[in-house]
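Along the sequence shown, the residues carry numbers beginning at 1.
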Amino acid sequence: MDHVAEAQKTDLMTATCHVLNEQSKHPEARGDFSILLYHIVIGCKFVCTAVHKAGLAKLIGLAGETNVQGEEQKKLDVLSNQVFVKALVSSGRTCILVSEEDEEAIFVEPSKCGRYCVVFDPLDGSSNIDCGVSVGTIFGIYLVKDKDKPTLDDILQPGKNMLAAGYCMYGSSCTLVLSTGNGVNGFTLDPSLGEFILTHPNIKIPRKGKIYSINEGNAKYWDKPTARYVDKCKFPRDGSSPKSLRYIGSMVADVHRTLLYGGTFLYPADTKSPNGKLRVLYEVFPMSYLMEQAGGQAFTGKQRALDLVPKEIHERSPIFLGSYDDIEEIKSLYVAAAEQK
């Protein structure tokens, strides 16, 4: 898709107007969902400003604590988490929040309780902050069954039950990518207006890509299907050109490139991390949701990623996501490996 040409057709459609237009298609809608998304956008704008000022404001470096994942928390990690928790609670539309940075789920007090559950990674890729690499926020939204009696079961649902998912990437520009179940749209923050403007309408991932993205430093730990796929990328047997390797190490940045250019993003299980490394609720599910909405696929090595039913809020999973045909190839390698056992 020629995104430059498409951008000329957007007529300065903002993220807020886009959400309101989507709301108008549902006469029964009360506006709660739109208000929640508005507060998520506010949080993204705040974190974007903090990321761009990080060096000057002395927000880079370690905060002196570790999070529930055992990772050293960066100062911006802590700040970003506080910003999103406050933004979501103050919306008055949430009842349960799950953050990568908090060990337990946050149950919103009844006076501010709403109908939605939000799972989020407030600052994905934060180990790259100090060297200026793109980082981002990832989020997913569920509808609670009974807002007067919210439980963890409202969060521990398969990803296919999500109402919406998205991410905001803080890099050379600030880009918000969002799906509310009706395709994927990308918005770029115009600093002069303070608004996210629709610049990538109706994103569709190419059916097949020329890029693969994986941490090759873990090659000695991979299972056979992953090793065979990467080998085929480097040394194709059909006479085609080898695929290019691109790996940033920030999931938001790697998935964003994959979404626009096609190809695959892989973080497999291996002998070092047999359950995978990426978290199901706020990394695997939102990115898989976006990938499927854009016409791609997401696979865990055993099943469709969005069919997975998590048992814990910080559960991990392997993930292979990207162009439809490329993921089909990976799936066939896992089927062949299972048949050989």
Side-chain angles (χ1 to χ4, degrees), residues 62 65-74 77 98-101 103 119 121 123-131 133-136 138 159 211-235 243-255 257-258 263-288 291 297-305 307-322 326-327 329-338 340-341:
L62 299 178
E65 299 177 3
T66 58
N67 65 13
V68 64
Q69 316 299 334
E71 302 162 337
E72 290 185 314
Q73 286 180 307
K74 300 281 184 172
D77 271 335
V98 171
S99 167
E100 183 200 23
E101 301 300 326
E103 184 172 359
V119 293
D121 183 346
L123 202 61
D124 178 74
S126 56
S127 61
N128 291 313
I129 291 172
D130 293 7
C131 58
V133 171
S134 295
V135 293
I138 309 172
I211 298 171
Y212 72 102
S213 182
I214 189 170
N215 183 355
E216 291 228 34
N218 291 328
K220 66 180 285 187
Y221 306 112
W222 291 342
D223 59 19
K224 287 183 179 179
T226 300
R228 284 175 182 163
Y229 177 73
V230 172
D231 186 64
K232 290 176 73 174
C233 289
K234 294 178 179 180
F235 308 103
K243 293 182 185 291
S244 298
L245 170 65
R246 299 286 185 271
Y247 186 71
I248 298 168
S250 173
M251 189 185 189
V252 169
D254 281 314
V255 170
R257 181 198 58 249
T258 303
T264 51
F265 171 82
L266 308 88
Y267 215 116
D270 54 36
T271 56
K272 189 172 65 171
S273 302
N275 295 320
K277 189 173 180 183
L278 298 180
R279 274 69 60 153
V280 172
L281 282 179
Y282 40 81
E283 291 175 327
V284 171
F285 278 171
M287 294 308 200
S288 298
M291 202 58 68
Q297 291 195 79
F299 177 62
T300 66
K302 295 180 180 179
Q303 65 183 116
R304 176 192 179 209
D307 287 338
L308 189 65
V309 182
K311 296 179 176 62
E312 300 174 358
I313 62 173
H314 297 296
E315 188 172 318
R316 300 173 188 257
S317 171
I319 187 63
F320 305 85
L321 51 80
D326 292 327
I327 299 302
E329 184 177 355
I330 293 173
K331 287 163 74 173
S332 68
L333 289 171
Y334 271 93
V335 169
Q340 291 173 4
K341 288 183 180 179

> Hey, are the side chains of Ile313 and Tyr282 touching, using non-hydrogen atoms and a 4.5 Å cut-off?
Replying inline: no
>> side-chain contact (heavy atoms from CB on, under 4.5 Å), that's the test. Do Leu245 and Tyr212 meet it? Break it down for me.
In response: CA-CA 5 Å; Leu245 170 65; Tyr212 72 102; 3.6 Å; yes
> To the nearest 0.5 Å, how far apart are CG in Asn275 and CG in Asp270?
Replying inline: 10.5 Å
> Hey, are Lys277 and Glu283 close enough for a salt bridge, meaning a charged N less than 4.0 Å from a carboxylate O?
Replying inline: no
>> Walk me through whether Ile211 and Arg257 qualify under side-chain contact (heavy atoms from CB on, under 4.5 Å).
In response: CA-CA 9 Å; Ile211 298 171; Arg257 181 198 58 249; 4.1 Å; yes
> Does a side-chain heavy-atom distance below 4.5 Å link Val255 with Phe265?
Replying inline: yes
> How close do Ser126 and Asp77 get, heavy atom to heavy atom, and via which atoms?
Replying inline: OG-OD2, 2.9 Å
> Does the side-chain contact (heavy atoms from CB on, under 4.5 Å) test come out yes or no for Met251 and Met287, once each step is laid out?
Replying inline: CA-CA 9 Å; Met251 189 185 189; Met287 294 308 200; 3.6 Å; yes
> So, for Phe320 and Pro268, which heavy atoms are closest and what is the spacing to 0.1 Å?
Replying inline: CZ-CB, 3.6 Å
> Is there a donor-acceptor contact under 3.5 Å linking the side chains of Arg316 and Ser273?
Replying inline: no
> If you round to the nearest 0.5 Å, how far is CG of Leu281 from CG of Asp121?
Replying inline: 11.5 Å
> Is there a side-chain contact between Glu101 and Leu123 (heavy atoms, below 4.5 Å)?
Replying inline: no
> Just wondering, do Ser250 and Asp124 contact through their side chains at under 4.5 Å, heavy atoms?
Replying inline: yes
> Phe285 and Ala305: which non-hydrogen atoms are nearest, and at how many Å?
Replying inline: CE2-O, 3.2 Å
> How far apart are the closest heavy atoms of Tyr229 and Lys243, and which atoms are they?
Replying inline: OH-CE, 4.0 Å
>> So Ser288 and Ile319, do their side chains get closer than 4.5 Å, heavy atoms only?
In response: yes
> When you look at Leu278 and Tyr267, which way does the side-chain contact (heavy atoms from CB on, under 4.5 Å) test go after all the steps?
Replying inline: CA-CA 7 Å; Leu278 298 180; Tyr267 215 116; 3.8 Å; yes
> Any salt bridge between Arg279 and Glu100, counting N to O under 4.0 Å?
Replying inline: yes
> When you check the side-chain N and O atoms of Thr264 and Asp326, is any donor under 3.5 Å from an acceptor?
Replying inline: no
>> Show the nearest heavy-atom pair for residues Gly322 and Thr258, with the distance to one decimal.
In response: CA-CG2, 4.0 Å
Output side-chain donor-acceptor pairs under 3.5 Å for residues 329-337, partner residues at least two apart or in another chain, one line each.
unit_1, atom_1, unit_2, atom_2, d
Glu329, OE2, Lys232, NZ, 3.1
Lys331, NZ, Gln297, OE1, 2.9
Lys331, NZ, Glu328, OE2, 3.2
Ser332, OG, Glu329, O, 2.6
Tyr334, OH, Asp223, OD1, 3.3
Tyr334, OH, Asp223, OD2, 2.8
Tyr334, OH, Thr226, OG1, 3.1

> Rounded to the nearest 0.5 Å, how far apart are CG of Leu266 and CG of Asp254?
Replying inline: 10.5 Å
> Do you know the tightest heavy-atom contact between Ser317 and Val280?
Replying inline: CB-CG2, 3.5 Å
